[in-house]
Structure formats: C-alpha cells, structure tokens
Amino acid sequence: MNKQLARIAELEQLIIAAGYHPAQLNDITREVIGTTHLDAITREQSCELIKTLEYYCDFAKRCQKSKL
C-alpha cells in the first residue's frame, strides 16, 4: 500500500505543477474515493485514484502541448 500512496503523492504534485488548484485536486479525490483522507483508503480505492490522477496528468500534458 505504501507504493500506491507514494504514487498518489507523486501524481498530486504533478497535477499541482500542471496548474490545478489544490481545491480542484481535493474535489477530484473526493469524487473518486468519497473523502480526501488517504490514511484509511482500500487498495481498490487507491488503484482507482491512481488511474484517475494519471488521466488528469495526461490531460494536462496534452493541453500544454496544444498551447505550443
């Protein structure tokens, strides 16, 4: 589970660096797992959150490329 939490933290930093506001990140997390508290999430929830955060990272990258 520590690997999943580390990956979530990494993706969160990438999303913030891409220009998302922390409140938006909280909204995304709450929508996917029902809370913003990661200390008690299940493995399934962490996998779903990782999948969603990876989508947002990819989306941000595509948007940045299209601006060039």
Side-chain angles (χ1 to χ4, degrees):
M1 187 65 151
N2 287 336
K3 287 183 180 181
Q4 285 90 357
L5 292 176
R7 179 67 177 149
I8 290 168
E10 176 186 3
L11 290 166
E12 288 175 336
Q13 291 304 311
L14 290 171
I15 289 171
I16 296 297
Y20 282 85
H21 190 276
Q24 291 173 303
L25 180 59
N26 286 339
D27 289 343
I28 293 166
T29 302
R30 190 176 297 110
E31 184 176 313
V32 174
I33 63 171
T35 183
T36 58
H37 302 288
L38 302 180
D39 53 344
I41 63 173
T42 66
R43 181 173 176 81
E44 181 179 295
Q45 288 173 315
S46 69
C47 290
E48 187 63 30
L49 183 56
I50 288 169
K51 180 179 170 184
T52 301
L53 294 176
E54 286 174 341
Y55 168 81
Y56 277 92
C57 283
D58 291 341
F59 178 74
K61 286 178 190 175
R62 287 192 312 270
C63 289
Q64 289 173 346
K65 284 181 183 180
S66 69
K67 289 181 181 179
L68 302 175

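Being a predicted model, the structure only gives us computed values, none of them experimental. The basis for the numbers below is simple: all heavy atoms, side chains too, and nothing from hydrogens, waters or symmetry mates.
Atom CG of residue Leu25 and atom OH of residue Tyr56 lie 10.0 Å apart, to the nearest 0.5 angstrom. Separation of atoms OG (Ser66) and NZ (Lys61) is listed at 14.5 Å; rounding is to 0.5 Å.
Among residues two or more places apart in sequence or in another chain, the side chain to side chain contact (heavy atoms under 4.5 Å, CB included) test is passed with Ala60 by Ala18, Tyr20. Annotation: salt bridge (Lys or Arg N to Asp or Glu O under 4.0 Å) contacts of Glu48 (sequence neighbours excluded): none. For Gln13, the side chain to side chain contact (heavy atoms under 4.5 Å, CB included) test picks out no residue, with sequence neighbours left out.
For the salt bridge (Lys or Arg N to Asp or Glu O under 4.0 Å) condition, the pairs that include at least one residue of residues 19-30, sequence neighbours left out, are Asp27-Arg30.
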Report, one line per pair, each donor and acceptor closer than 3.5 Å where one atom sits in a side chain of residues 31-41; sequence neighbours left out.
| from | atom 1 | to | atom 2 | distance (Å) |
| --- | --- | --- | --- | --- |
| Thr35 | OG1 | His37 | N | 3.2 |

If you look only at distance, which donor and acceptor atoms sit under 3.5 Å apart when one is on a side chain in residues 2-10 and the other is two or more places apart or in another chain?
| from | atom 1 | to | atom 2 | distance (Å) |
| --- | --- | --- | --- | --- |
| Gln4 | OE1 | Met1 | N | 3.2 |
| Arg7 | NE | Glu54 | OE2 | 3.4 |
| Arg7 | NH1 | Glu10 | OE1 | 3.2 |
| Arg7 | NH1 | Glu10 | OE2 | 3.3 |
| Arg7 | NH2 | Glu54 | OE2 | 3.0 |

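Residues Cys57 and Ile15 approach most closely at SG-CG1, 3.5 Å, considering heavy atoms.
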